Amino acid sequence: MDVLAELRTATAPGADLALVVVPAGLGLAVPGRRWAVPGDAAGSAALLARLEELLRPRWTWWAAAGAVGRLPDPLPHLARCHDVGAVHRLLAGGSREDPAACWAAAHGLPQPPPPARRPAPLHGTGLLDLDGGDDGEPVGDDGQLAPAWSQGRALGEAEPAEQVVRAARWAALALEVAQRQARAVAALPEHRRRPGGPPLGVQTAHAESAAALLAVELERTGLPLERATAEGLLERAAGPRPASAAEEARLRAVRDAPVRRALGAGEVDLRNPAQVLGALRGLGFDLPDTRAWRLEQFRHAHPAVEALLSWRKAERIATTYGWSWLDTAVGADGRLRGAWSASDAAAGRMTAQAGLHNLPAELRPAVAAEPGSVLVRADLGQVEPRVLAAVSADAALTAATRDDDLYAPVAAALAADRPTAKVAVLAAMYGQTSGAAGEALQRMERAYPTALGYLRAAEEAGREGRDVRTYGGRLVRVGAPAPGEVGAATAARGRFARNAVVQGAAAELFKAWAATVRAGLSGSAGRIVLCLHDELLLHVPAGEAERAAALLVGALEQTAGRWAAGSGVRFVADVSVVRRWSEAK
DNA sequence: CCCATGACGAG
DNA sequence: AGCTCGTCATGGGT
């Protein structure tokens, strides 16, 4: 094929190669050249696989979902990428990742208005001059991207031949932004001198990009779940599957009745917290709210409390993780699928919908490997305090990371027991001020002044409304104080920033680890099927279990060695090979 | 119909 | 009782 031959002479292996996929084919771009390649989805996927094999490029796209989301299964394994949207969010913070925002930031222009959540009604048919009368040019007189392009209409509404030509042009623009971003991440401040390897900001940009691609793959792959097992667990927790809406209402009334009686208020709506609060007051409980942790201490004081708490638990399963959840979120192939985001708006953790991140423990036995496969699970041990040691360069806390159980040396340093040490460490990272943590925090200050100083500096920035940057370079926007803001809001911003520098850095390490594991699985049938903040779950052929377990450990060693280079901080992972998720540890 | 609130599942 | 997320039900405002 012509394009292949031309690309081989036009670009070196490993170089940036911009990609835009449209229904009519794809657009490719390298500096100074671009190609429009007509073809169907299968042809486009085949070409990508071939290019990957020949060139191993750094695929560059506006967003992974838009670039490969339309390609048919199975997606070819693409090893390396630069995701303009993901890198923009790293550099600029916030949650915008639309092309117009990325373009403006890369060119030092003011942020354009966010795209309408619902596309504006179309007054014409396929016209490109709906917004501001542009003439089909992607860049307007003001230097901003034309809305018709940034919102996809310029590509989506063009005739096939024109569509691929525009795709190539669109790819060239992504490449230009990516190159500006690459300079920006290389110039991010390093927290301290780091021996060897690419700058940390560059590492983070690559890991964030890989995570964005992984998010697309996770969404396709899904989490293997045994429907029959899930149905059994659901039946036990929330009752039998209702045959109709009327039946559902009847079962609900049956569940409610004894709790209402116990509360001594036949009319109370259990789903209305204000009414529940009133009923509890009638029983002599004077409470500010009816949250479970608050009610817990009265569990044995009155049978109604116990009844309410267990009702709530069943109600949670029945509503959020009930039969309708099973029907909508679990496919005919027994895979639980939900949308994934590679980074949340706060500190950059991965998020997932459809219960993937908050599946109740009772339902987890249903998550099981398919016949012939196993689940290989790994979770990072005490990752946040270890991350704190690395990012703050606290020598004493770094020494504590050499222990498998970090809290043991911390307890020794604080002259406290292990539970107290754990509370003190968590309180420091979350900004807790009250309760039993107070005294222990004082000792933390003395034992780990550098780490605590790092946290205090972040908190101070947050209180003043100054943005903070994580160790890996992510800008965390704090937001200016509102005029006349009350002290509680200021304190909340301080706690947010204090926690964000730890939680955010941990998310960066986690994503870099996940990216390394993903790379190590290329060529295997094994897949990452779940990312859960500090935990990776792989689904692999049974014969590859040992290899996968070794990969998880080796990838952590390799990743941490780059990420925390020279810090001396040790990271640990607990790995187990199981049939069911619930069997791990 | 959108949004804030309370509540709770997970890390 | 300090951080983050997603989801559901309710009730008040359009």
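No experiment lies behind these values; they were computed from the predicted model shown. Basis for what follows: all heavy atoms, side chains included, without hydrogens, waters or symmetry-related copies.
- Rounded to whole Å, atom P of C:dC5 lies 14 Å from atom CD of A:E384.
- Within 4.0 Å (heavy atoms only), A:A492 reaches no atom of the nucleic acid at all.
- Side chains of A:D405 and A:Q382: a donor on one and an acceptor on the other come within 3.5 Å.
- Between the CZ atom of A:R386 and the P atom of B:dG11 there is a distance of 19 Å, given to the nearest Å.
- Side-chain atoms of A:R579 come within 3.5 Å of backbone atoms of A:A369 as a donor-acceptor pair (strictly under, hydrogens ignored).
- Note: CG (A:L308) to P (B:dG6) measures 17 Å, nearest angstrom.
- Rounded to a whole Å, the CZ atom of A:R294 is 9 Å from the P atom of C:dA1.
- Counting any heavy atom pair closer than 4.0 Å across all strands shown, A:Q503 reaches a base atom.
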Grab the N/O contacts between the protein and nucleotides 8-10 of chain B below 3.5 Å, and write none if there aren't any.
{"residue": "B:dC8", "atom": "OP1", "partner": "A:R312", "partner atom": "NH1", "Å": "2.7"}
{"residue": "B:dC8", "atom": "OP2", "partner": "A:A292", "partner atom": "N", "Å": "2.7"}
{"residue": "B:dC8", "atom": "O4'", "partner": "A:R316", "partner atom": "NH2", "Å": "2.7"}
{"residue": "B:dG9", "atom": "N2", "partner": "A:N358", "partner atom": "ND2", "Å": "2.8"}
{"residue": "B:dG9", "atom": "N3", "partner": "A:N358", "partner atom": "ND2", "Å": "3.1"}
{"residue": "B:dA10", "atom": "OP1", "partner": "A:A361", "partner atom": "N", "Å": "3.0"}
{"residue": "B:dA10", "atom": "O3'", "partner": "A:R364", "partner atom": "NH2", "Å": "3.1"}

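- A side-chain donor-acceptor contact under 3.5 Å links A:R443 to the backbone of A:L414.
- The CG atom of A:L277 sits 17 Å away from the C1' atom of C:dA9 (whole-angstrom rounding).
- Side-chain proximity of A:T319 to C:dT10, C:dA9, C:dT4: nearest is C:dA9.
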N/O contacts under 3.5 Å, protein versus nucleotides 12-14 of chain C?
none

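- The CG-C1' distance, from A:D289 to B:dT5, rounds to 12 Å in whole Å.
- Atom CD of A:E557 sits in a sparse spot, with 12 or fewer heavy atoms from other residues, nucleotides or ligands closer than 6.0 Å.
- Residue contacts for A:A354: at a heavy-atom cut-off of 4.0 Å it reaches the sugar-phosphate backbone alone, with no base atom in range.
- Look at CH2 on A:W323: it is 19 Å from C1' on C:dT7, rounded to the nearest Å.
- With hydrogens and angles ignored, the 3.5 Å screen pairs no side-chain donor or acceptor of A:Y471 with any backbone N or O of A:E508.
- Nearest nucleotide to the A:R271 side chain, out of C:dA9, C:dG11, C:dC5: C:dA9.
- Within a 6.0 Å sphere centred on CD of A:E306, heavy atoms belonging to other residues, nucleotides or ligands number more than 12.
- Ring planes of A:H357 and A:W340: perpendicular class, angle over 60° (limits at 30 and 60°).
- The interatomic distance linking A:L537 (CG) with B:dG11 (P) rounds to 13 Å, in whole Å.
- Taking a 6.0 Å sphere around CD of A:E267, one finds it holds 12 or fewer heavy atoms contributed by other residues, nucleotides or ligands.
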Full working for ring pair (Phe, Tyr, Trp, His ring centres under 6.0 Å) between A:W581 and A:H539: CA-CA 10 Å; A:W581 193 17; A:H539 186 244; over 10 Å; no
